[in-house]
Amino acid sequence: MPLFEATGLSKTFGIVEVLKDININVRAGEVHAIIGENGAGKSTLMKIIAGNQPPTRGEMRIDGETVTFSGPVDAEHRGIVLVHQEILLAPDLTVAQNIYLGRELHKGVFIDDRAMNEGAAKAVRGLGSDIDPNTIVSRLSIAQRQLVQIARVLLVPHRIVIFDEPTASLTPHETDALLKVIRQIRAKGVGVLYISHRLPEVKEIADRVTVLRDGRLVASHDVSELQSADMARLMVGRDVAKLYPDRHAAEARETVLEVEHLNVPGYAQDASFQLKKGEILGFAGLVGAGRTELMEGMVGLRTSRGVVRHLGKPVNFKDVHASLKAGIVYLSEDRKGKGLLLTKDLIVNLTLASLGKFIGALQIDRKRESAALDKAIRDFDIRTGRKDILAGQLSGGNQQKLLLAKMMLLDPSIVIIDEPTRGIDIGNKEQIYKFIAKLAEEGRSIIVVSSEMPELIGICDRILVMRSGRIVGEVTGDHMNENEIVVLATGATKEEAA
Amino acid sequence: MANVATETAKAPKTSKDWDMAAIAPFIALALLLALGYFANPNFMTSANLLNVVTRSSFIAVIALGATYVITSGGLDLSVGAMLAFVASLMILFLNSGTVADPALALVAGMALAIAIGAACGLANGLITTIGRIEPFIATLGTMGIYRGLTTWLSQGGAITVRDRDILALYRPVYSGSFVGVPVPIIVIFVTAAIAAFVLYRTRYGRHVTAVGSNEDVARYSGISINRVRTVTYVIQGLCVAVAVLLYVPRLGSTSATTGSFWELQAITAVVVGGTALRGGVGRIWGTICGAFILEIVGNIMLLSNFVSEYLIGAIQGAIIIIAMLVQRSLMRR
């Protein structure tokens with residue numbers, strides 16, 4: 001008998017059916033992966049199983065006994081815990097305080113800090129980490145925070161653990177560490193539901209795979225019966241043979257950007273590189289290697305020292321306004337926090353950086369703005385039913401396309417894109433890659449910062465690798481493979497990496 | 001076209017659907033008017049209504065500036081004290097006899113008030129942006145400064161316009177009317193129209209909303225956050241100055257307590273009008289509506305015998321809480 005079983009689960013919001021007749025089960029001691037594109041219904045399914053939302057129809061059983069959850073706490077009492085995709089920790093509290101938040105240990109009326117610190121240290125060690133439980137969470141890296149979050153969740157007695165895209169912001173190295181943790185959990189006889197976009201790791205960790213598409217269950221197999229390509233095809237509903245566009249290697253062309261000995265205090269040291277016209281240059285490295293900060297320092301979002309020459313002339317951007325004016329745009333990795341105004345409509349977002357182009361006699365020319373949105377929707381294939389919805393209502397992929405369209409209104413000559421496809425499903429990824437290739441073909445120079453090595457290898461002409469704030473190497477041509485990059489990014493020897 | 005139908009239904013919360021929050025204050029105003037009508041037959045007379053709206057003009061004009069500050073994510077607690085300070089300086093100038101001709105003296109005094117208002121606002125803006133001090137604390141500080149300076153200037157008493165010619169010339173600005181409409185009411189609608197135009201139709205207005213909505217997004221889009229925010233405080237200062245221009249001819253006098261608690265009334269008017277206190281959504285006409293609501297509540301309490309007029313402050317306090325609750329429930333949907 002499966003540990004957990006759901007039959008005929010359906011969920012409707014208004015007249016929209018986001019889940020239809022899902023039958024799914026989890027056995028003790030297995031990892032069951034749920035894959036699907038954004039909007040396929042994975043998150044809704046997980047929310048129902050974790051008690052965050054009631055199903056519209058259908059039944060859930062634990063050990064064969066029918067259950068209904070009044071809320072997530074109720075589900076926890078039954079042993080079902082959820083590791084959220086977002087980091088939900090109080091940044092000003094310590095690791096131990098966060099792990100025990102809401103369930104503090106007491107000694108009489110006093111909080112028992114020592115016991116909590118010991119318990120937290122043990123929990124964190126159990127996940128293969130040595131984070132000091134007294135550390136303030138805001139000082140931790142994203143990966144460490146995620147680990148703390150997992151430790152916090154696992155403190156609840158659990159029989160089923162749901163991981164909602166846990167590796168979305170992790171490096172390959174950290175991902176490996178996390179997969180190891182998940183294997184340990186599995187070995188204890190816990191049932192694991194694992195949601196992810198990343199097919200290789202699904203292949204690696206899962207025992208069974210269930211594919212959702214448009215709210216329906218389209219396939220459920222043992223993982224050994226499926227190749228990554230099969231999974232991708234099932235998710236998208238068509239063949240995705242070629243994810244990356246064909247590109248001709250850029251010929252020797254003039255240098256548009258020269259960076260010499262650029263320092264971003266605390267993040268990047270002595271960075272020197274060149275960017276050629278029409279080139280796509282990749283920046284690889286682990287999270288925290290200083291790639292984002294280097295780019296932000298270059299465009300005036302952070303203080304930096306050093307020489308930056310744009311078209312041969314030394315420039316010193318003191319704010320973003322100056323770099324935008326020079327034709328250099330930076331698209332943040334934090335699309336929702338720094339890229340788009342989620343509570344504003346598409347037009348406001350599209351024209352925000354280039355409003356000067358939409359000023360009539362005195363006021364903003366709304367007709368011109370509206371025409372620009374129409375064009376952006378066409379050019380970048382932004383899928384939206386209505387044009388008056390809020391940016392936050394678009395899917396991740398369409399948000400990225402809108403952000404791209406917003407920055408392209410400035411007609412930049414240099415485009416820096418940070419994590420261009422983070423949290424984006426495979427169909428949209430393919431399109432984003434095409435846009436990037438097209439921008440390069442138009443003679444713009446592109447810098448792509450990414451933690452996903454396959455995508456860098458797939459679209460870049462050249463890749464620079466950063467480690468601990470320094471550019472430690474460059475890979476080109478035949479050397480552009482994951483192994484070479486990992487060696488440089490981690491500082492490991494080739495034997496270790498292999 | 002089942003596909004289109006699903007797409008539309010998937011996105012029920014469009015920008016259009018937020019209109020309920022925009023309309024709510026006007027519905028509240030209509031309900032209040034109906035209540036007033038039943039409470040006292042004298043309420044619905046044009047004389048009474050014009051009088052009420054005229055008296056709301058100070059708060060209404062100040063609240064327009066507050067709408068800018070709050071929309072951009074700031075707060076200004078100093079406006080009441082600033083009004084007293086600017087008005088006192090203006091009267092002292094008029095009394096100084098620097099300009100002999102009454103008409104010229106008046107024009108110079110008005111120009112001076114505008115300049116001082118803008119300077120006070122600029123000070124608030126620079127302290128919060130360049131000085132990087134929380135707006136609440138920064139303007140709490142300047143509130144004390146402006147209020148203290150006023151008390152000092154008046155030596156704890158009153159400052160009164162001494163020149164009868166000037167006062168005679170100036171009186172109509174508050175008590176006069178143009179084609180039957182009291183001047184202050186004209187001022188309310190003209191300033192509100194300008195404020196609405198700038199906030200909704202110009203690049204600067206769009207930037208104000210963007211900065212209040214998400215500072216980081218604005219910065220990454222090349223918008224100078226400090227400049228946008230500082231200018232909102234200058235706009236606030238200008239609005240206070242306009243309120244001063246209406247206030248001085250009313251009594252021809254100020255004291256250390258002039259404008260006490262007006263900052264709270266202005267913020268109440270803004271919030272009741274549907275502007276989000278966390279920034280990012282500004283509603284100019286809602287603010288005007290909010291200022292009317294505050295004054296009408298007081299008026300109804302005076303005209304009716306149900307509730308003591310001494311409870312006006314308590315009722316206004318309750319209104320701001322109710323307005324927030326309504327705002328939140330509308331946003332949740």
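Just so we're on the same page: letters track the sequence lines, and every chain starts at 1.
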**Request:** Could you check A:H321 against B:I223 for side chain to side chain contact (heavy atoms under 4.5 Å, CB included), going step by step and ending with a plain yes or no?
**Result:** CA-CA 6 Å; A:H321 183 68; B:I223 297 170; over 6 Å; no

At a 4.5 Å cut-off on heavy atoms, which part of [X] comes close to chain B: side chain, backbone, both, or neither?
X: A:T351; answer: side chain
X: A:L324; answer: side chain
X: A:K325; answer: neither

For a 4.5 angstrom cut-off between non-hydrogen side-chain atoms, does [X] reach [Y]?
X: B:N214; Y: A:L340; value: no
X: A:K344; Y: B:S213; value: yes
X: A:R366; Y: B:R201; value: yes

**Prompt:** Taking atom CE of A:M407 and atom OH of B:Y220, what is their separation to the nearest 0.5 Å?
**Reply:**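 It is 10.0 Å, given to the nearest 0.5 Å.
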
**Item:** Separation of A:I364 CD1 from B:R206 CZ (nearest 0.5 Å)
**Value:**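 B:R206 atom CZ to A:I364 atom CD1 measures 4.0 Å (nearest 0.5 Å).
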
**Prompt:** Using a cut-off of under 4.5 Å for heavy-atom pairs, which of B:G205, B:A210, B:A218 has the most such pairs with chain A?
**Reply:**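 Maximum pair count with chain A is reached by B:A210.
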
**For chain B, the option from A:V320, A:L331, A:D319, A:V299 that forms the most heavy-atom pairs under 4.5 Å** =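 Ranked by heavy-atom pairs under 4.5 Å with chain B, first place is A:V320.
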
**Message:** Looking only at heavy atoms and a cut-off of under 4.5 Å, which of A:Q363, A:K336, A:E296 has the most pairs with chain B?
**Reply:**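 Highest number of heavy-atom pairs under 4.5 Å: A:Q363.
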
**Message:** Is it the case that over 12 heavy atoms from other parts of the model lie below 6.0 angstrom from the CZ atom of B:R227?
**Reply:**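 Not buried by this count: 12 neighbours or fewer within 6.0 Å.
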
**Prompt:** Does NZ in A:K375 sit with more than 12 non-hydrogen atoms of other residues, nucleotides or ligands closer than 6.0 Å?
**Reply:**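 No, NZ of A:K375 has 12 or fewer neighbouring heavy atoms, counting only those of other groups under 6.0 Å.
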
**Prompt:** Can a salt bridge be assigned to the pair B:E215 and A:K338 using a cut-off of 4.0 Å between side-chain N and carboxylate O?
**Reply:**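 No.
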
**Request:** Compare every heavy atom of A:L362 with every heavy atom of B:T202, then report the nearest pair and how far apart it is.
**Result:**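 Between these two residues, the closest heavy atoms are CG2-O, 4.1 Å.
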
**Asked** Looking only at heavy atoms, what is the nearest atom pair of A:K406 and B:S221, with distance?
**Response**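 Looking at all heavy atoms of both residues, the closest pair is NZ-OG, 2.7 Å.
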
**Request:** Using non-hydrogen atoms and a 4.5 Å limit, figure out which bit of B:F197 sits close to chain A: side chain, backbone, both or neither.
**Result:**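 For B:F197, the side chain is the part near chain A, not the backbone.
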
